[in-house]
Amino acid sequence: DKQGLAGRHFCQSGIQCGRGRIVYVRPRSIDEALAALVDGRAIPVCGCTDVFPSQVGRPIGSPVVDVSAISALRGITLEGGIYRIGGATT
């Protein structure tokens with residue numbers, strides 16, 4: 001479906017940051033993440049260590065979708081002779 005963040009209730013919160021609020025979503029599955037990102041407005045992150053410092057002095061006007069809680073994005077696997085390193089692997 002193309003609802004994006006509207007109508008979704010998975011770990012969404014408004015976080016006070018300076019003078020404004022940030023829409024922060026932390027989905028637990030790839031399907032939830034895709035639903036949050038479908039409208040193209042949200043910023044996908046994995047922990048936010050690059051996003052917040054890069055916005056010093058400027059409000060974050062887009063919703064933030066933190067994919068760090070998605071277990072399917074963590075780990076290293078060997079599939080058909082090819083190593084796959086998940087995007088949330090540290």
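Owing to the predicted nature of the structure, the values given are computational and were not obtained by experimental measurement.
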Exercise. Nearest heavy-atom pair of P44 and A42: which atoms, and what distance?
Worked result: CD-O, 3.5 Å
For this session: Please name the pair of heavy atoms, one in C46 and one in G87, separated by the smallest distance, quoted to 0.1 Å.
Result: SG-O, 4.2 Å
For this session: Could you note down all residue pairs passing side chain to side chain donor-acceptor pair (under 3.5 Å) where residues 75-86 supplies at least one of them, sequence neighbours left out?
Result: T77-E79
Residues 59-76, side-chain donor-acceptor partners within the protein, below 3.5 Å, at least two apart:
{"from": "S62", "atom 1": "OG", "to": "R41", "atom 2": "O", "distance (Å)": "3.2"}
{"from": "D66", "atom 1": "OD1", "to": "G47", "atom 2": "N", "distance (Å)": "3.1"}
{"from": "D66", "atom 1": "OD1", "to": "S68", "atom 2": "N", "distance (Å)": "3.0"}
{"from": "D66", "atom 1": "OD1", "to": "S68", "atom 2": "OG", "distance (Å)": "2.8"}
{"from": "D66", "atom 1": "OD2", "to": "Y24", "atom 2": "OH", "distance (Å)": "2.6"}
{"from": "D66", "atom 1": "OD2", "to": "S68", "atom 2": "OG", "distance (Å)": "3.4"}
{"from": "S68", "atom 1": "OG", "to": "R26", "atom 2": "NE", "distance (Å)": "3.4"}
{"from": "S68", "atom 1": "OG", "to": "R26", "atom 2": "NH2", "distance (Å)": "3.2"}
{"from": "R74", "atom 1": "NH1", "to": "S68", "atom 2": "O", "distance (Å)": "2.8"}

